[in-house]
Amino acid sequence: MESSAALTSSIRLTSSICVSRHSSPFLSPPKRSPSFSLKNVLQASSSSLRPSATVSAIELADIDWDNLGFGLQPTDYMYFMKCDQGGTFTKGQLKRFGNIELNPSAGVLNYGQGLFEGLKAYRKEDGNILLFRPEENALRMKMGAERMCMPSPSVEQFVEAVKDTVLANKRWIPPQGKGSLYIRPLLMGSGAVLGLAPAPEYTFLIYVSPVGNYFKEGLAPINLIVESELHRATPGGTGGVKTIGNYAAVLKAQSAAKAKGYSDVLYLDCVHKRYLEEVSSCNIFVVKGNVISTPSIKGTILPGITRKSIIDVARSQGFEVEERLVSVDELVEADEVFCTGTAVVVSPVGSVTYHGKKVSYGDGIGAVSQQLYTVLTRLQMGLAEDNMNWTVELR
(Lines give C-alpha, C1' and ligand atoms only; values in the text may rest on other atoms or scores of the structure.)
Protein backbone atom coordinates (compact mmCIF):
# COMPACT_ATOMS: atom_id res chain seq x y z
CA MET A 1 0.00 0.00 0.00
CA GLU A 2 1.32 3.45 -0.93
CA SER A 3 1.90 5.67 2.10
CA SER A 4 1.95 9.00 0.26
CA ALA A 5 -0.61 11.50 1.53
CA ALA A 6 -1.75 11.93 -2.06
CA LEU A 7 -2.61 8.27 -2.29
CA THR A 8 -4.14 7.61 1.11
CA SER A 9 -7.29 8.61 2.85
CA SER A 10 -8.43 8.27 6.41
CA ILE A 11 -11.72 6.74 7.45
CA ARG A 12 -12.80 8.40 10.64
CA LEU A 13 -14.03 6.06 13.32
CA THR A 14 -13.69 8.57 16.26
CA SER A 15 -11.13 9.32 18.91
CA SER A 16 -9.84 6.95 21.53
CA ILE A 17 -9.81 6.88 25.31
CA CYS A 18 -7.27 5.00 27.46
CA VAL A 19 -7.79 2.06 29.82
CA SER A 20 -5.59 -0.70 31.18
CA ARG A 21 -5.97 -4.38 30.43
CA HIS A 22 -4.12 -6.69 32.74
CA SER A 23 -3.78 -9.72 30.48
CA SER A 24 -2.76 -8.10 27.17
CA PRO A 25 0.91 -8.07 26.09
CA PHE A 26 0.09 -5.36 23.54
CA LEU A 27 -1.07 -2.63 25.90
CA SER A 28 1.04 -0.37 28.04
CA PRO A 29 -0.61 0.80 31.27
CA PRO A 30 -2.26 4.15 30.45
CA LYS A 31 -2.88 6.97 32.84
CA ARG A 32 -6.18 6.99 34.65
CA SER A 33 -8.86 8.48 32.40
CA PRO A 34 -10.90 11.41 33.70
CA SER A 35 -14.00 9.55 32.56
CA PHE A 36 -13.70 7.13 35.50
CA SER A 37 -16.16 7.76 38.35
CA LEU A 38 -16.10 6.31 41.84
CA LYS A 39 -19.88 6.19 41.86
CA ASN A 40 -19.83 3.70 38.97
CA VAL A 41 -18.31 0.75 40.80
CA LEU A 42 -19.43 -2.82 40.30
CA GLN A 43 -18.58 -5.67 42.63
CA ALA A 44 -17.45 -8.65 40.57
CA SER A 45 -15.27 -11.73 40.51
CA SER A 46 -11.61 -10.79 40.27
CA SER A 47 -10.11 -14.08 39.14
CA SER A 48 -8.71 -12.38 36.03
CA LEU A 49 -7.15 -9.62 38.13
CA ARG A 50 -5.72 -11.22 41.31
CA PRO A 51 -5.84 -15.00 41.84
CA SER A 52 -5.70 -14.59 45.63
CA ALA A 53 -8.66 -12.23 45.82
CA THR A 54 -12.30 -13.25 45.75
CA VAL A 55 -13.94 -9.89 45.08
CA SER A 56 -12.63 -6.74 43.42
CA ALA A 57 -14.11 -3.43 42.40
CA ILE A 58 -14.38 -2.97 38.65
CA GLU A 59 -14.81 0.66 37.66
CA LEU A 60 -17.24 1.46 34.87
CA ALA A 61 -17.02 4.25 32.33
CA ASP A 62 -18.74 7.41 33.49
CA ILE A 63 -21.67 7.62 31.10
CA ASP A 64 -25.44 7.73 31.55
CA TRP A 65 -26.19 4.02 31.67
CA ASP A 66 -29.92 4.67 32.09
CA ASN A 67 -30.23 6.40 28.72
CA LEU A 68 -28.19 4.31 26.31
CA GLY A 69 -29.46 4.40 22.76
CA PHE A 70 -28.21 2.36 19.83
CA GLY A 71 -25.37 4.57 18.65
CA LEU A 72 -21.59 4.60 18.58
CA GLN A 73 -19.93 5.36 21.90
CA PRO A 74 -16.13 5.55 21.45
CA THR A 75 -14.43 2.97 23.68
CA ASP A 76 -10.80 2.16 24.48
CA TYR A 77 -9.40 -0.49 22.15
CA MET A 78 -9.96 -2.20 18.81
CA TYR A 79 -8.44 -5.35 17.35
CA PHE A 80 -6.43 -5.64 14.11
CA MET A 81 -5.25 -8.61 12.07
CA LYS A 82 -4.04 -8.68 8.46
CA CYS A 83 -3.21 -11.18 5.71
CA ASP A 84 -2.45 -11.25 1.99
CA GLN A 85 -4.71 -12.69 -0.70
CA GLY A 86 -4.18 -16.44 -0.74
CA GLY A 87 -2.55 -16.35 2.69
CA THR A 88 -3.74 -16.96 6.23
CA PHE A 89 -4.30 -14.59 9.11
CA THR A 90 -1.64 -14.49 11.80
CA LYS A 91 -2.00 -13.33 15.40
CA GLY A 92 -3.41 -9.83 15.61
CA GLN A 93 -3.10 -7.12 18.22
CA LEU A 94 -5.10 -4.59 20.17
CA LYS A 95 -4.71 -0.92 19.33
CA ARG A 96 -6.18 2.22 20.78
CA PHE A 97 -9.58 2.92 19.24
CA GLY A 98 -9.31 5.59 16.57
CA ASN A 99 -9.03 6.32 12.87
CA ILE A 100 -7.70 3.83 10.36
CA GLU A 101 -5.88 4.62 7.13
CA LEU A 102 -6.82 3.14 3.76
CA ASN A 103 -5.53 3.64 0.25
CA PRO A 104 -8.20 5.35 -1.93
CA SER A 105 -7.94 2.32 -4.22
CA ALA A 106 -8.70 -0.19 -1.44
CA GLY A 107 -10.96 -3.01 -2.57
CA VAL A 108 -13.53 -2.27 0.12
CA LEU A 109 -13.87 1.38 -0.98
CA ASN A 110 -14.03 0.75 -4.72
CA TYR A 111 -15.72 -2.62 -5.08
CA GLY A 112 -17.47 -3.20 -1.76
CA GLN A 113 -15.35 -6.19 -0.82
CA GLY A 114 -16.30 -6.28 2.84
CA LEU A 115 -18.26 -8.20 5.45
CA PHE A 116 -19.30 -7.49 9.00
CA GLU A 117 -20.74 -9.36 11.96
CA GLY A 118 -22.62 -8.31 15.06
CA LEU A 119 -22.79 -9.93 18.48
CA LYS A 120 -23.10 -8.87 22.11
CA ALA A 121 -21.46 -9.24 25.49
CA TYR A 122 -23.51 -9.05 28.70
CA ARG A 123 -22.46 -8.43 32.28
CA LYS A 124 -23.73 -10.96 34.80
CA GLU A 125 -24.83 -10.17 38.34
CA ASP A 126 -21.48 -11.43 39.65
CA GLY A 127 -19.55 -9.16 37.29
CA ASN A 128 -18.44 -11.92 34.91
CA ILE A 129 -19.07 -11.45 31.20
CA LEU A 130 -21.10 -13.60 28.80
CA LEU A 131 -20.71 -13.85 25.02
CA PHE A 132 -23.58 -15.32 23.02
CA ARG A 133 -22.69 -17.95 20.39
CA PRO A 134 -19.55 -16.24 19.00
CA GLU A 135 -18.56 -19.35 17.05
CA GLU A 136 -21.75 -18.97 14.98
CA ASN A 137 -20.65 -15.49 13.91
CA ALA A 138 -17.23 -16.89 13.03
CA LEU A 139 -18.76 -19.60 10.86
CA ARG A 140 -21.08 -17.11 9.13
CA MET A 141 -18.13 -14.83 8.38
CA LYS A 142 -16.23 -17.74 6.83
CA MET A 143 -19.24 -18.53 4.64
CA GLY A 144 -19.53 -14.89 3.57
CA ALA A 145 -15.80 -14.60 2.92
CA GLU A 146 -15.92 -17.54 0.52
CA ARG A 147 -18.74 -15.86 -1.42
CA MET A 148 -16.84 -12.55 -1.53
CA CYS A 149 -13.47 -14.11 -2.51
CA MET A 150 -11.80 -13.18 0.77
CA PRO A 151 -9.65 -15.09 3.24
CA SER A 152 -11.13 -15.22 6.73
CA PRO A 153 -9.89 -15.85 10.26
CA SER A 154 -10.35 -19.35 11.63
CA VAL A 155 -13.19 -19.89 14.09
CA GLU A 156 -10.62 -20.05 16.89
CA GLN A 157 -8.93 -16.82 15.80
CA PHE A 158 -12.28 -15.03 15.53
CA VAL A 159 -13.48 -16.12 18.98
CA GLU A 160 -10.17 -15.32 20.69
CA ALA A 161 -10.08 -11.90 19.03
CA VAL A 162 -13.61 -11.19 20.30
CA LYS A 163 -12.62 -12.24 23.82
CA ASP A 164 -9.50 -10.03 23.77
CA THR A 165 -11.45 -7.01 22.52
CA VAL A 166 -14.24 -7.42 25.06
CA LEU A 167 -11.85 -7.79 28.00
CA ALA A 168 -9.84 -4.78 26.86
CA ASN A 169 -13.04 -2.72 26.90
CA LYS A 170 -14.71 -4.33 29.91
CA ARG A 171 -15.39 -1.03 31.68
CA TRP A 172 -17.77 -0.19 28.82
CA ILE A 173 -19.98 -3.24 29.39
CA PRO A 174 -23.20 -1.90 30.93
CA PRO A 175 -24.35 -3.04 34.37
CA GLN A 176 -26.82 -5.88 34.16
CA GLY A 177 -30.20 -4.71 32.91
CA LYS A 178 -28.82 -1.46 31.44
CA GLY A 179 -27.83 -2.78 28.00
CA SER A 180 -25.01 -4.73 26.40
CA LEU A 181 -21.67 -4.29 24.68
CA TYR A 182 -22.23 -4.47 20.92
CA ILE A 183 -19.31 -6.13 19.13
CA ARG A 184 -18.67 -5.33 15.46
CA PRO A 185 -16.14 -7.54 13.62
CA LEU A 186 -15.23 -6.32 10.12
CA LEU A 187 -13.45 -8.12 7.29
CA MET A 188 -12.42 -5.95 4.37
CA GLY A 189 -10.28 -5.80 1.27
CA SER A 190 -7.81 -3.17 2.50
CA GLY A 191 -5.22 -3.61 -0.27
CA ALA A 192 -5.09 -1.27 -3.27
CA VAL A 193 -6.62 -2.57 -6.50
CA LEU A 194 -7.59 -0.49 -9.55
CA GLY A 195 -9.01 -3.12 -11.90
CA LEU A 196 -11.94 -5.28 -10.82
CA ALA A 197 -10.27 -8.09 -8.86
CA PRO A 198 -9.94 -9.36 -5.29
CA ALA A 199 -7.82 -7.05 -3.14
CA PRO A 200 -4.20 -8.12 -2.51
CA GLU A 201 -4.47 -7.54 1.28
CA TYR A 202 -7.21 -8.02 3.90
CA THR A 203 -7.85 -6.55 7.34
CA PHE A 204 -9.88 -8.12 10.13
CA LEU A 205 -10.95 -5.51 12.68
CA ILE A 206 -13.16 -5.51 15.77
CA TYR A 207 -14.54 -2.51 17.63
CA VAL A 208 -17.19 -2.32 20.34
CA SER A 209 -19.76 0.09 21.76
CA PRO A 210 -22.16 -0.04 24.70
CA VAL A 211 -25.75 0.02 23.47
CA GLY A 212 -29.34 0.11 24.64
CA ASN A 213 -32.41 -0.63 22.51
CA TYR A 214 -32.14 -0.62 18.70
CA PHE A 215 -35.62 0.80 18.13
CA LYS A 216 -36.51 3.93 20.09
CA GLU A 217 -39.70 2.16 21.15
CA GLY A 218 -37.62 -0.35 23.16
CA LEU A 219 -39.45 -3.61 23.80
CA ALA A 220 -42.65 -2.15 22.41
CA PRO A 221 -44.54 -2.81 19.19
CA ILE A 222 -43.01 -1.38 16.02
CA ASN A 223 -44.87 -0.44 12.84
CA LEU A 224 -43.74 -1.84 9.50
CA ILE A 225 -44.59 -1.01 5.91
CA VAL A 226 -44.32 -3.64 3.17
CA GLU A 227 -42.11 -2.63 0.22
CA SER A 228 -43.01 -4.36 -3.04
CA GLU A 229 -41.01 -2.38 -5.63
CA LEU A 230 -37.56 -1.96 -4.08
CA HIS A 231 -35.83 -5.18 -3.09
CA ARG A 232 -33.14 -6.09 -0.61
CA ALA A 233 -31.73 -9.11 -2.47
CA THR A 234 -32.06 -11.23 -5.60
CA PRO A 235 -31.64 -14.96 -6.28
CA GLY A 236 -27.99 -15.73 -6.95
CA GLY A 237 -26.87 -12.51 -5.29
CA THR A 238 -25.37 -11.86 -1.88
CA GLY A 239 -28.50 -11.56 0.26
CA GLY A 240 -27.58 -14.68 2.19
CA VAL A 241 -24.25 -13.32 3.46
CA LYS A 242 -23.53 -10.33 5.67
CA THR A 243 -21.78 -8.20 3.07
CA ILE A 244 -21.75 -4.43 3.49
CA GLY A 245 -23.57 -3.67 0.24
CA ASN A 246 -26.73 -5.43 1.38
CA TYR A 247 -27.33 -2.71 3.93
CA ALA A 248 -26.72 0.31 1.71
CA ALA A 249 -29.38 -1.11 -0.63
CA VAL A 250 -32.13 -0.75 1.98
CA LEU A 251 -31.44 2.86 2.95
CA LYS A 252 -33.67 4.46 0.32
CA ALA A 253 -36.80 2.50 1.27
CA GLN A 254 -36.01 2.69 4.98
CA SER A 255 -35.53 6.45 4.92
CA ALA A 256 -38.81 6.95 3.06
CA ALA A 257 -40.64 4.71 5.53
CA LYS A 258 -39.27 6.51 8.58
CA ALA A 259 -40.22 9.86 7.06
CA LYS A 260 -43.81 8.59 7.02
CA GLY A 261 -43.66 7.49 10.65
CA TYR A 262 -42.96 3.79 10.22
CA SER A 263 -40.27 2.00 12.22
CA ASP A 264 -38.86 -0.05 9.33
CA VAL A 265 -39.52 -1.86 6.05
CA LEU A 266 -40.61 -5.44 5.37
CA TYR A 267 -39.33 -6.71 2.01
CA LEU A 268 -40.93 -9.17 -0.40
CA ASP A 269 -39.21 -11.55 -2.80
CA CYS A 270 -38.23 -9.93 -6.08
CA VAL A 271 -39.60 -12.69 -8.34
CA HIS A 272 -43.23 -13.10 -7.26
CA LYS A 273 -43.45 -9.99 -5.08
CA ARG A 274 -45.61 -12.04 -2.77
CA TYR A 275 -43.47 -13.87 -0.24
CA LEU A 276 -41.97 -12.34 2.90
CA GLU A 277 -38.21 -12.11 3.06
CA GLU A 278 -36.96 -9.96 5.94
CA VAL A 279 -36.95 -6.52 7.51
CA SER A 280 -34.00 -4.21 6.74
CA SER A 281 -31.76 -5.84 9.35
CA CYS A 282 -34.03 -8.41 11.03
CA ASN A 283 -35.64 -11.75 10.29
CA ILE A 284 -39.45 -11.97 10.43
CA PHE A 285 -41.78 -14.45 12.19
CA VAL A 286 -45.55 -14.91 11.91
CA VAL A 287 -47.59 -16.53 14.71
CA LYS A 288 -50.91 -18.34 14.23
CA GLY A 289 -52.14 -20.39 17.16
CA ASN A 290 -49.32 -22.67 18.31
CA VAL A 291 -47.52 -22.45 14.95
CA ILE A 292 -44.69 -19.99 14.31
CA SER A 293 -43.68 -19.56 10.67
CA THR A 294 -40.62 -17.86 9.23
CA PRO A 295 -39.28 -17.59 5.66
CA SER A 296 -36.89 -20.41 4.84
CA ILE A 297 -33.24 -19.66 4.14
CA LYS A 298 -32.85 -19.87 0.38
CA GLY A 299 -29.99 -17.58 -0.59
CA THR A 300 -31.75 -14.21 -0.39
CA ILE A 301 -32.31 -14.18 3.38
CA LEU A 302 -29.56 -13.79 5.97
CA PRO A 303 -29.27 -16.84 8.27
CA GLY A 304 -29.64 -14.86 11.47
CA ILE A 305 -28.07 -16.27 14.63
CA THR A 306 -30.87 -14.85 16.77
CA ARG A 307 -33.33 -16.34 14.25
CA LYS A 308 -31.70 -19.75 14.65
CA SER A 309 -31.72 -19.41 18.44
CA ILE A 310 -35.37 -18.31 18.61
CA ILE A 311 -36.41 -21.31 16.50
CA ASP A 312 -34.73 -23.65 18.99
CA VAL A 313 -36.12 -21.76 21.99
CA ALA A 314 -39.65 -21.79 20.54
CA ARG A 315 -39.52 -25.53 19.94
CA SER A 316 -38.24 -26.08 23.48
CA GLN A 317 -41.26 -24.09 24.72
CA GLY A 318 -43.69 -26.36 22.88
CA PHE A 319 -44.32 -24.32 19.73
CA GLU A 320 -44.36 -25.81 16.26
CA VAL A 321 -41.96 -23.88 14.00
CA GLU A 322 -42.18 -23.96 10.21
CA GLU A 323 -39.46 -22.69 7.87
CA ARG A 324 -41.17 -22.20 4.52
CA LEU A 325 -42.46 -19.68 1.99
CA VAL A 326 -44.67 -17.26 3.91
CA SER A 327 -47.14 -15.25 1.81
CA VAL A 328 -47.78 -11.59 2.53
CA ASP A 329 -51.49 -12.52 2.71
CA GLU A 330 -50.80 -14.49 5.90
CA LEU A 331 -50.12 -11.22 7.73
CA VAL A 332 -53.87 -10.50 7.70
CA GLU A 333 -54.76 -13.67 9.62
CA ALA A 334 -51.76 -13.72 11.97
CA ASP A 335 -52.17 -13.55 15.74
CA GLU A 336 -48.74 -11.97 16.19
CA VAL A 337 -45.76 -10.88 14.12
CA PHE A 338 -42.27 -10.27 15.46
CA CYS A 339 -38.72 -9.62 14.25
CA THR A 340 -35.42 -11.05 15.48
CA GLY A 341 -31.83 -9.88 15.23
CA THR A 342 -28.70 -9.33 17.28
CA ALA A 343 -29.48 -5.66 17.80
CA VAL A 344 -33.19 -6.03 18.59
CA VAL A 345 -33.19 -9.61 20.02
CA VAL A 346 -37.00 -9.90 19.66
CA SER A 347 -39.07 -6.95 18.51
CA PRO A 348 -42.88 -7.30 18.49
CA VAL A 349 -44.71 -5.84 15.50
CA GLY A 350 -47.73 -3.70 16.31
CA SER A 351 -48.89 -3.18 12.74
CA VAL A 352 -48.02 -3.90 9.10
CA THR A 353 -49.19 -1.64 6.27
CA TYR A 354 -49.46 -3.11 2.77
CA HIS A 355 -50.79 -1.19 -0.24
CA GLY A 356 -52.30 1.40 2.08
CA LYS A 357 -54.12 -1.14 4.28
CA LYS A 358 -53.02 -1.40 7.90
CA VAL A 359 -53.24 -4.64 9.87
CA SER A 360 -52.82 -4.28 13.63
CA TYR A 361 -51.98 -6.97 16.18
CA GLY A 362 -53.70 -5.91 19.37
CA ASP A 363 -52.46 -3.62 22.10
CA GLY A 364 -49.07 -3.97 23.68
CA ILE A 365 -46.61 -6.83 23.38
CA GLY A 366 -47.92 -10.18 22.17
CA ALA A 367 -47.72 -13.11 24.57
CA VAL A 368 -45.53 -15.22 22.29
CA SER A 369 -43.11 -12.37 21.59
CA GLN A 370 -42.83 -11.64 25.31
CA GLN A 371 -42.30 -15.30 26.21
CA LEU A 372 -39.55 -15.88 23.65
CA TYR A 373 -37.85 -12.57 24.44
CA THR A 374 -37.82 -13.35 28.15
CA VAL A 375 -36.46 -16.87 27.75
CA LEU A 376 -33.68 -15.84 25.37
CA THR A 377 -32.57 -12.67 27.15
CA ARG A 378 -32.47 -14.41 30.55
CA LEU A 379 -30.16 -17.00 29.02
CA GLN A 380 -28.00 -14.33 27.34
CA MET A 381 -27.62 -12.37 30.60
CA GLY A 382 -26.90 -15.40 32.76
CA LEU A 383 -30.18 -15.20 34.69
CA ALA A 384 -31.22 -18.70 33.60
CA GLU A 385 -29.30 -21.95 33.23
CA ASP A 386 -27.77 -22.36 29.79
CA ASN A 387 -28.94 -25.83 28.84
CA MET A 388 -28.19 -25.04 25.18
CA ASN A 389 -24.46 -24.44 25.80
CA TRP A 390 -24.71 -21.18 23.85
CA THR A 391 -22.86 -18.79 26.14
CA VAL A 392 -19.13 -18.29 26.68
CA GLU A 393 -18.20 -16.89 30.08
CA LEU A 394 -15.25 -14.54 30.58
CA ARG A 395 -13.97 -13.94 34.10
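Numbering starts at 1 and runs along the sequence shown.
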Common cluster, Leu379/Leu372, ILVMFWY with side-chain heavy-atom separation under 4.5 Å = yes
key: Minimum side-chain heavy-atom gap Ser309-Met388 below 4.5 Å   = no
task = Keeping the roles fixed (side chain from Glu393, backbone from Asn128), state whether a donor-acceptor pair exists under 3.5 Å.
result = no
message = For Gln73, is there any backbone N or O sitting under 3.5 Å from a side-chain donor or acceptor partner on Ser209?
response = yes
ask   = Would a distance-only check, ignoring hydrogens and angles, find a side-chain to backbone donor-acceptor pair under 3.5 Å from Asp164 to Leu94?
value = no
request  = Show your reasoning for whether side chain to side chain contact (heavy atoms under 4.5 Å, CB included) applies to Asp76 and Arg171.
outcome  = CA-CA 9 Å; Asp76 296 323; Arg171 74 186 186 99; 3.0 Å; yes
message = Working to the nearest 0.5 angstrom, can you tell me the gap between Arg184 CZ and Thr165 OG1?
response = 14.0 Å
key: Any Lys170 side-chain heavy atom under 4.5 Å of Leu394 side chain   = no
ask   = Quick one: OG on Ser263 to NZ on Lys258, what's the gap to the nearest 0.5 Å?
value = 8.0 Å
request  = Could you pull out the closest heavy-atom pair between Trp65 and Ala61, with the gap in Å?
outcome  = NE1-O, 3.2 Å
inquiry  = Between Asp386 and Thr391 (side chain of the first, backbone of the second, donor and acceptor by atom type, cut-off under 3.5 Å), is there such a pair?
reply    = yes
request  = Kindly give the heavy-atom pair with the smallest separation between Glu227 and Ala253, and that separation in Å.
outcome  = OE1-CB, 4.1 Å
remark   = residues 359-368 vs side chain to side chain donor-acceptor pair (under 3.5 Å), sequence neighbours excluded, gives none
task = With side chain to side chain contact (heavy atoms under 4.5 Å, CB included) as the test, would you mind laying out the steps for Asn110 and Val193 before giving the verdict?
result = CA-CA 8 Å; Asn110 290 262; Val193 55; 5.9 Å; no
request  = Sort out for me which residue in Val208, Ile206, Ile100 forms a side chain to side chain contact (heavy atoms under 4.5 Å, CB included) with Met78.
outcome  = Ile100
query = Leu331 versus Leu276: any side-chain heavy-atom pair under 4.5 Å?
reply = yes
message = Is there a path of hydrophobic side-chain contacts, each under 4.5 Å between heavy atoms, that joins Tyr354 and Ile222?
response = yes
key: Side-chain donor or acceptor of Lys273 paired with backbone N/O of Glu229 under 3.5 Å   = no
query = Does a donor on one side chain and an acceptor on the other come within less than 3.5 Å for Ser293 and Glu330?
reply = no
message = Is the distance between the ring centroids of Phe204 and Phe158 under 6.0 Å?
response = yes
task = Answer yes or no: is there a donor N or O on one side and an acceptor on the other, between the side chain of Glu336 and the main chain of Val368, under 3.5 Å?
result = yes
message = Looking at Glu323, is its backbone amide N or carbonyl O close enough to the side chain of Thr294 to form a donor-acceptor pair, meaning the two atoms are under 3.5 Å apart?
response = no
request  = Classify the ring geometry between Phe338 and Phe285 as parallel (under 30°), tilted (30 to 60°) or perpendicular (over 60°).
outcome  = parallel
ask   = Is it true that Glu136 and Lys308 have a side-chain N and a carboxylate O under 4.0 angstrom from each other?
value = yes
request  = Treat each ILVMFWY residue as a node, draw an edge where side-chain heavy atoms are under 4.5 Å apart, and state whether Ile311 and Val345 are in one component.
outcome  = yes
message = Is it true that, when you exclude Lys298 itself, more than 12 heavy atoms of the residues, nucleotides or ligands shown sit nearer than 6.0 Å to its NZ?
response = yes
task = May I ask you to check whether Tyr247 and Phe116 place their ring centers less than 6.0 Å from one another?
result = yes
request  = Sort out for me which residue in Glu135, Arg140, Met141 forms a side chain to side chain contact (heavy atoms under 4.5 Å, CB included) with Asn137.
outcome  = Arg140
task = Report yes if some heavy atom in the side chain of Pro235 is under 4.5 Å from a heavy atom in the side chain of Thr300; otherwise report no.
result = yes
CG (Leu194) with more than 12 external heavy atoms under 6.0 Å = no
query = Quick one: do Leu325 and Val328 end up in the same hydrophobic cluster if we chain Ile, Leu, Val, Met, Phe, Trp and Tyr together by side-chain heavy atoms under 4.5 Å apart?
reply = no
message = Taking Glu322 first and then Lys288, would you say they form a salt bridge - that is, a charged N and a carboxylate O separated by under 4.0 Å?
response = no
query = Under 4.5 Å between side-chain heavy atoms, hopping through other hydrophobics if needed: is there a path connecting Val265 to Tyr262?
reply = yes
Side chain to side chain donor-acceptor pair (under 3.5 Å) assessment of Tyr267 paired with Glu278 = CA-CA 6 Å; Tyr267 292 90; Glu278 59 180 278; over 6 Å; no
task = Using atom types as modelled and distance alone, determine if a side-chain donor or acceptor of Asp335 lies under 3.5 Å from a backbone N or O of Gly289.
result = yes
remark   = Tightest non-hydrogen contact, residues Phe70 and Gly212, listed as CD1-O, 3.9 Å
query = Would you say the side chains of Asn246 and Thr238 form a donor-acceptor pair under 3.5 Å?
reply = yes
key: Nearest non-hydrogen partners of Ala220 and Ile365, listed with the distance   = CA-CG1, 4.4 Å
request  = Please report the C-alpha distance between Ser347 and Tyr373 in whole Å, then the side-chain angles of each, then the deciding distance to 0.1 Å, and finally whether the side chain to side chain contact (heavy atoms under 4.5 Å, CB included) criterion is met.
outcome  = CA-CA 8 Å; Ser347 186; Tyr373 173 85; over 6 Å; no
message = As an exercise, state the distance from NZ of Lys95 to OH of Tyr77, rounded to the nearest 0.5 Å.
response = 13.5 Å
message = Would you say that Leu187 contacts Met148 through its side chain, given a criterion of any heavy-atom pair below 4.5 Å between the two side chains?
response = no
Separation of Tyr207 OH from Phe80 CZ (nearest 0.5 Å) = 12.0 Å
query = Stepwise, does the side chain to side chain contact (heavy atoms under 4.5 Å, CB included) test hold for Ile310 with Leu376?
reply = CA-CA 7 Å; Ile310 281 293; Leu376 185 59; 3.8 Å; yes
query = Is a side-chain donor or acceptor of Ser228 paired with a backbone partner of Leu268 at a separation under 3.5 angstrom?
reply = no
ask   = How about Thr353 and Lys358: does a side-chain donor come under 3.5 Å of a side-chain acceptor?
value = no
ask   = Would you find more than 12 non-hydrogen atoms of other residues, nucleotides or ligands less than 6.0 Å from Glu146 atom CD?
value = no
request  = Would you please name every residue forming a side-chain contact (heavy atoms from CB on, under 4.5 Å) with Asp66, sequence neighbours left out?
outcome  = Asp64, Lys178
Residue pair Arg232 / Ile301, side-chain heavy-atom distance below 4.5 Å = no
Least distance between heavy atoms, Val108 atom then Gly114 atom = CG2-CA, 4.3 Å
ask   = Looking at residues at least two apart in the chain, or sitting in another chain, which of them share a side chain to side chain donor-acceptor pair (under 3.5 Å) with Gln380?
value = Tyr122
query = Counting only N and O atoms by type, is there a donor-acceptor contact under 3.5 Å from the side chain of Lys142 to the main-chain atoms of Ser152?
reply = no
query = Is there side-chain contact between Leu119 and Ile305, with heavy atoms separated by less than 4.5 Å?
reply = no
task = Identify the two heavy atoms, one from Leu72 and one from Pro74, that lie closest to each other, and give their separation to 0.1 Å.
result = O-CD, 3.9 Å
query = Would you say the side chain of Thr306 lies within less than 4.5 Å of the side chain of Asn283, judging by non-hydrogen atoms?
reply = no
task = Would you give the length of the straight line joining atom CD1 of Ile284 to atom CD of Glu277, rounded to the nearest 0.5 angstrom?
result = 12.0 Å
inquiry  = Quick check for you: to the nearest 0.5 Å, what is the distance between Ser180 atom OG and Ile129 atom CD1?
reply    = 12.5 Å
